[in-house]
Colleague: 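One structure follows; several queries about it will come next.
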Amino acid sequence: MSGGKAFAECLATTLGYPSLAREVLVQAAGKLGVSEEKLRGKIEKSARFWERMTSDRRVYLIALQSALADACVEGNLVYHGHAGHLLLKDLPNVLRVRLIAPMSARIREVMERQGLNYDSAQDYIRLVDEERVRWTKFVYGLDWRDPRNYDLVINLGNIAIDTACAMVAAAVQLPAYAVTEDIRKRLRDNALACKIRVALAANSKWRTIKFEVNVDDGNVEVFGEVATSGVLIRQAGPGEEEIKTIAKTVEGVKGVVVNLRRFPEFAEP
């Protein structure tokens, strides 16, 4: 209730960029069978239970990241949604903006939208804020309120939405944010890497394995750490050829190199 949707719509219209909301990404993540609702339902559980959810959380983030990477492959996009900018932390030419607004303005917005009285609207906002802190900490391992996660923080209590929109639109026209052919290549490579991670994560027996994928113009390197048990370490876990086969099913892949590090996993006494 801080004006994010209105700001995003203004910015997309001003720049002539497509606009994407978080709901689209959540739908994409659902295709892998890991829903936001499922993860949210575990937030109230114990920390030990959270640790057992690590693989599901990773798959969820992989799917979100891939959907967003596909959307911004051409280089121009306005995305608005809770903590989604964290999915693009390794990409160039991304301007991360956080909007804040006075509590009084947020309360008025909730009262108008949901027909609540003042006290109920205030309680609702506090509840949502607290839940978002828990959710972002659980999924991303970060505090979404930390200004270090943003390039700009704009106070809509002091700056009108249309003025803030003009400021950001001017900023992204600077040479530092120009979408060059090199930038487009990096975006294409990133989108392909994300698709490969999704393809690997879709295999349920590999969901506990963290794969890193590097792509350079269709040439792929896959890195992974495989925990094994017993003495037959080399025979355990997925094989390089199996991973290559999965990666090559993704359109745009020219060649694949796989590097697996296998290490024994010993059960606690």
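All values reported here derive from a predicted model rather than from experimental measurement.
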Colleague: What closest approach, in Å, do G218 and D189 show between heavy atoms, and which atom pair accounts for it?
Modeller: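 Scanning both residues, the minimum pair turns out to be N-OD1, 4.2 Å.
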Colleague: Just how far is it from atom NE2 of H80 to atom CZ of F7, taken to the nearest 0.5 Å?
Modeller: 11.0 Å
Colleague: Are I243 and L260 packed together at the side-chain level, in the sense that at least one heavy-atom pair is separated by less than 4.5 angstrom?
Modeller: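 Result yes, sub-4.5 Å side-chain heavy-atom pair found.
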Colleague: Got a donor-acceptor contact below 3.5 angstrom from the R96 side chain to the L88 backbone?
Modeller: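 Yes: the side chain of R96 pairs with the backbone of L88.
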Colleague: Verify, without hydrogens or angle tests, whether N93 (side chain) and A178 (backbone) share a donor-acceptor contact under 3.5 angstrom.
Modeller: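 Yes, N93 side chain to A178 backbone: donor-acceptor pair under 3.5 Å.
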Colleague: May I ask you to test the V220-V258 pair for a side-chain heavy-atom distance under 4.5 Å?
Modeller: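 No - every pair of side-chain heavy atoms lies 4.5 Å or more apart.
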Colleague: Working note: D217 + R188, criterion salt bridge (charged side-chain N to carboxylate O under 4.0 Å, His left out); need CA distance, chi angles, decisive distance, verdict.
Modeller: CA-CA 8 Å; D217 196 25; R188 290 193 298 267; 6.0 Å; no
Colleague: Spell out, yes or no, whether L116 and V128 are grouped together once hydrophobic residues are joined by side-chain heavy atoms under 4.5 Å, including indirect joins.
Modeller: yes
Colleague: Could you tell me the separation between the CD atom of E225 and the CD1 atom of I209, rounded to the nearest 0.5 Å?
Modeller: 10.5 Å
Colleague: To check you understand the geometry: which heavy-atom pair defines the closest contact between P102 and N155, and what is its length?
Modeller: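 Closest pair (atom of P102, atom of N155, distance): CD-OD1, 4.2 Å.
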Colleague: Over all heavy atoms of both residues, which pair between A71 and L20 is shortest? Give the atoms and the distance, please.
Modeller: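 Distance-wise, the nearest heavy atoms are CB-CD2, 3.7 Å.
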Colleague: Around atom NZ of K244, are there more than 12 heavy atoms of other residues, nucleotides or ligands at under 6.0 Å?
Modeller: yes
Colleague: Does the distance from a Lys or Arg side-chain N to an Asp or Glu carboxylate O, for D129 and R106, drop under 4.0 Å?
Modeller: yes
Colleague: Using side-chain heavy atoms (C-beta onward) and a distance below 4.5 Å, is Y140 in contact with L61?
Modeller: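 The answer is yes, as the side chains (C-beta and beyond) meet within the 4.5 Å cut-off.
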Colleague: Can you check whether W144's main-chain N or O pairs, donor with acceptor, with Y150's side chain at less than 3.5 Å?
Modeller: yes
Colleague: Where the side chain of K210 meets the backbone of G224, is there a donor-acceptor pair that is under 3.5 Å apart?
Modeller: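 Pair absent, no side-chain N/O of K210 close to backbone of G224.
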Colleague: Between I183 and L77, is there a shared hydrophobic cluster once you connect ILVMFWY residues whose side-chain heavy atoms come closer than 4.5 Å?
Modeller: yes
Colleague: Out of curiosity, R58 CZ to R197 CZ, how far, rounded to the nearest 0.5 Å?
Modeller: 11.5 Å
Colleague: Whether R98 and D151 form a salt bridge (side-chain N of Lys/Arg under 4.0 Å from carboxylate O of Asp/Glu) is what I want to check.
Modeller: no
Colleague: Determine whether a donor-acceptor pair (N or O, by modelled atom type, separation under 3.5 Å) exists between the side chain of T136 and the backbone of R132.
Modeller: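 Pair found, side chain donor or acceptor close to backbone of R132.
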Colleague: Test R108 against E112 for salt bridge (charged side-chain N to carboxylate O under 4.0 Å, His left out), laying out the working first.
Modeller: CA-CA 6 Å; R108 285 196 302 272; E112 292 175 6; 5.8 Å; no
Colleague: Could you give me the CA-CA distance, side-chain angles and deciding distance for D146 and N149, then say whether side-chain contact (heavy atoms from CB on, under 4.5 Å) is met?
Modeller: CA-CA 6 Å; D146 189 338; N149 294 322; 3.6 Å; yes
Colleague: Are the side chains of D143 and R145 in touch, meaning some heavy atoms are under 4.5 Å apart?
Modeller: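 Side-chain contact under 4.5 Å: yes.
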Colleague: Measure the spacing between OG1 of T180 and CZ of R186 and express it to the nearest 0.5 Å.
Modeller: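 Between atom OG1 of T180 and atom CZ of R186 there are 9.0 Å.
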Colleague: Is there a donor-acceptor pair closer than 3.5 Å between any side-chain N or O of Q65 and the backbone N or O of L87?
Modeller: yes
Colleague: Atom CD of residue position E181 - does it have more than 12 heavy atoms of other residues, nucleotides or ligands inside 6.0 Å?
Modeller: yes
Colleague: For a quick test of reading the model, state the closest non-hydrogen atom pair linking A169 to L11 and the distance between them.
Modeller: N-CD1, 3.7 Å
Colleague: Within a radius of less than 6.0 Å around NZ of K185, do more than 12 heavy atoms belonging to other residues, nucleotides or ligands occur?
Modeller: yes
Colleague: For the residue pair I125 and V110, establish whether any side-chain heavy-atom pair is separated by less than 4.5 Å.
Modeller: yes
Colleague: Applying side-chain contact (heavy atoms from CB on, under 4.5 Å) between V222 and each of N259, I246, L200, report the one that passes.
Modeller: L200
Colleague: If we only count heavy atoms from C-beta on, is the N214 to F223 side-chain gap below 4.5 Å?
Modeller: yes
Colleague: How close do V172 and Y177 get, counting heavy atoms only, and between which atoms?
Modeller: O-CB, 3.5 Å
Colleague: How long is the span from the OG atom in S19 to the NZ atom in K5, to the nearest 0.5 Å?
Modeller: 9.5 Å
Colleague: A side-chain contact here means heavy atoms from C-beta on lying under 4.5 Å apart; do M111 and N117 qualify?
Modeller: no
Colleague: According to a hydrophobic-cluster definition based on side-chain heavy atoms being under 4.5 Å apart (Ile, Leu, Val, Met, Phe, Trp, Tyr only), do L99 and V78 belong together?
Modeller: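 L99 clusters together with V78.
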Colleague: Do L86 and V97 share a hydrophobic cluster, counting only Ile, Leu, Val, Met, Phe, Trp and Tyr and linking them when any side-chain heavy atoms are less than 4.5 Å apart?
Modeller: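 Cluster IDs for L86 and V97 differ.
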Colleague: Can you tell me how far apart CD1 (I159) and CD1 (I100) are? Round to the nearest 0.5 Å.
Modeller: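 That separation rounds to 9.5 Å.
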Colleague: Determine whether V213 and V215 make a side-chain contact, defined as any pair of heavy atoms from C-beta on separated by less than 4.5 Å.
Modeller: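 In contact.
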Colleague: Let me check something: do L187 and L15 share a hydrophobic cluster, defined by ILVMFWY side-chain heavy atoms less than 4.5 Å apart, either directly or through other members?
Modeller: no
Colleague: Looking only at heavy atoms, which two atoms of V198 and A63 are closest? And how far apart?
Modeller: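 Of all heavy-atom pairs spanning V198 and A63, the closest is CG2-CA, 4.3 Å.
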